[in-house]
Asks: 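Structure below; questions to follow.
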Amino acid sequence: MGKDTVADIITSIRNADMNRKGMVQISSTSINENIVKILLREGFIKNVRKHCENDKSFLVLTLRHRRKGKGSYKNILNLKQISRTGLRIYSNYQRIPRILGGVGIVILSTSQGIMTDREARSEGIGGEVLCYIW
């Protein structure tokens, strides 16, 4: 795992979803826990549990899959990292993008914590655009 925890969580979830893995294990940090809470609340993942092993804690995510036809699976998660270590992208609350006309969500890091685009618009605050999920 690198130093960019948001990129690590997005890559781990995307790879597990593409390979039809039912579960993925990610490191447990406060940023990762907040992002996972949003994913769970919005229905993009089924379940989350915390696992401790050798003084290190991990989050074990159970992914959600959809069947498409006979036996084939359709990926349910599409994740795209926006803000990176070398290029931070900020947005005020009026210019927060809408993903697929409001079907997808934007995860923002604001002064009041990590939240979705809908919550940030209703609070009237902007922040750093971390990722898009649809």
Side-chain angles (χ1 to χ4, degrees):
M1 295 250 174
K3 294 183 180 184
D4 191 2
T5 59
V6 177
D8 290 339
I9 187 174
I10 288 173
T11 303
S12 298
I13 292 173
R14 186 185 312 124
N15 289 342
D17 191 44
M18 286 190 315
N19 292 324
R20 296 185 191 100
K21 303 281 184 192
M23 301 177 101
V24 63
Q25 180 175 323
I26 58 172
S27 63
S28 178
T29 63
S30 62
I31 294 173
N32 287 353
E33 288 178 9
N34 290 332
I35 291 174
V36 167
K37 284 179 189 175
I38 290 173
L39 291 175
L40 184 64
R41 187 176 61 224
E42 296 290 327
F44 289 107
I45 58 177
K46 277 187 192 178
N47 193 11
V48 178
R49 65 182 168 87
K50 198 166 191 173
H51 178 71
C52 294
E53 179 178 300
N54 297 336
D55 295 334
K56 293 185 180 181
S57 58
F58 298 99
L59 296 174
V60 180
L61 311 176
T62 306
L63 300 179
R64 188 179 300 263
H65 291 286
R66 275 194 305 227
R67 284 202 178 267
K68 185 178 105 177
K70 290 184 179 179
S72 64
Y73 285 91
K74 182 177 180 184
N75 294 349
I76 197 162
L77 282 176
N78 291 312
L79 297 110
K80 182 177 181 186
Q81 181 184 10
I82 302 302
S83 194
R84 306 186 313 259
T85 306
L87 179 64
R88 303 288 183 190
I89 305 295
Y90 296 95
S91 177
N92 62 7
Y93 76 97
Q94 294 142 339
R95 295 185 183 234
I96 297 172
R98 293 186 190 272
I99 306 303
L100 294 176
V103 174
I105 62 170
V106 177
I107 296 181
L108 297 156
S109 176
T110 66
S111 59
Q112 297 180 3
I114 295 178
M115 59 179 64
T116 64
D117 55 341
R118 283 177 247 131
E119 294 169 347
R121 278 191 206 98
S122 67
E123 298 269 335
I125 55 176
E128 181 183 354
V129 180
L130 296 178
C131 62
Y132 297 159
I133 301 170
W134 69 96

Asks: Grab the two heavy atoms, one from A7 and one from Q81, that are nearest each other, plus how far apart they are.
Replies: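 For A7 versus Q81, the nearest heavy atoms are CB-OE1, 3.4 Å.
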
Asks: If I compare all heavy atoms of P97 with all of D117, which pair ends up nearest, and what's the gap?
Replies: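 Here P97 and D117 meet closest at O-OD2, 3.9 Å.
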
Asks: Calculate, to the nearest 0.5 Å, the distance between atoms CG and CD1 belonging to N34 and I107 respectively.
Replies: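 Here the interatomic distance stands at 10.0 Å.
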
Asks: Any heavy-atom pair between the side chains of I82 and Y132 that's under 4.5 Å?
Replies: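 A side-chain contact exists here, since the closest heavy-atom pair is under 4.5 Å.
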
Asks: Using the side-chain contact (heavy atoms from CB on, under 4.5 Å) criterion, which residues pair with Y90? Sequence neighbours excluded.
Replies: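 side-chain contact (heavy atoms from CB on, under 4.5 Å) check on Y90 returns R88, E128.
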
Asks: Does a side-chain heavy-atom distance below 4.5 Å link T110 with E123?
Replies: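 T110 does not reach E123 side chain to side chain.
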
Asks: Check side-chain contact (heavy atoms from CB on, under 4.5 Å) between I31 and all other residues, then give those that pass, not counting sequence neighbours.
Replies: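 I31 satisfies side-chain contact (heavy atoms from CB on, under 4.5 Å) with T5, V6, T29, I35, I114 only.
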
Asks: Test of understanding: clusters of I, L, V, M, F, W, Y form through side-chain heavy atoms closer than 4.5 Å, transitively. Do W134 and V129 belong to the same one?
Replies: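 W134 clusters together with V129.
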
Asks: For the hydrophobic clusters of this structure (ILVMFWY residues joined by side-chain heavy atoms under 4.5 Å, transitively), does one cluster hold both L130 and I38?
Replies: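 L130 clusters together with I38.
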
Asks: Can you tell if the side chain of Q112 reaches within under 4.5 Å of the side chain of I125, non-hydrogen atoms only?
Replies: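 Yes, at least one pair of side-chain atoms sits under 4.5 Å.
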
Asks: Would you give the length of the straight line joining atom CG of N78 to atom CZ of R14, rounded to the nearest 0.5 angstrom?
Replies: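 With rounding to 0.5 Å, CG (N78) is 9.0 Å from CZ (R14).
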
Asks: Kindly list each side-chain donor-acceptor pair under 3.5 angstrom involving residues 40-50, sequence neighbours excluded, with atom names and distances?
Replies:
residue : atom : partner : partner atom : Å
R41     : NH2  : E119    : OE2          : 2.9
E42     : OE1  : R118    : NH2          : 3.4
K50     : NZ   : E33     : OE2          : 3.0

Asks: Please determine whether residues M115 and I89 belong to a single hydrophobic cluster, defined as Ile, Leu, Val, Met, Phe, Trp and Tyr linked transitively by side-chain heavy-atom distances below 4.5 Å.
Replies: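 No, M115 and I89 fall in different hydrophobic clusters.
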
Asks: Report the distance from atom CG of D55 to atom CD of E53, rounding to the nearest 0.5 Å.
Replies: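 D55 CG to E53 CD: 10.5 Å, rounded to 0.5 Å.
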
Asks: Distance check, rounded to the nearest 0.5 Å: H51 atom NE2 versus S57 atom OG?
Replies: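 The OG atom of S57 is 10.0 Å from NE2 of H51, to the nearest 0.5 Å.
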
Asks: Do I105 and I99 touch side chain to side chain, with heavy atoms closer than 4.5 Å?
Replies: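 In short, these two side chains do not touch, never coming nearer than 4.5 Å.
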
Asks: After noting the C-alpha distance and the side-chain angles of D8 and N32, does the key distance pass the side-chain contact (heavy atoms from CB on, under 4.5 Å) rule?
Replies: CA-CA 9 Å; D8 290 339; N32 287 353; over 6 Å; no

Asks: Return the OG to CD distance between S12 and Q25, rounded to the nearest 0.5 Å.
Replies: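 Spacing of OG (S12) from CD (Q25) equals 9.5 Å.
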
Asks: Count I, L, V, M, F, W, Y as connected when their side-chain heavy atoms are under 4.5 Å apart, and connections chain through other members. Are V103 and L108 then in the same cluster?
Replies: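 Hydrophobic grouping puts V103 with L108.
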
Asks: Check D17 against L63 and note the closest heavy-atom contact, atom names and distance.
Replies: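 Answer, listing the atom of D17 first, then L63: N-CD1, 3.8 Å.
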
Asks: Shortest non-hydrogen contact from I96 to A120?
Replies: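 Residues I96 and A120, closest heavy atoms: CD1-CB, 3.8 Å.
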
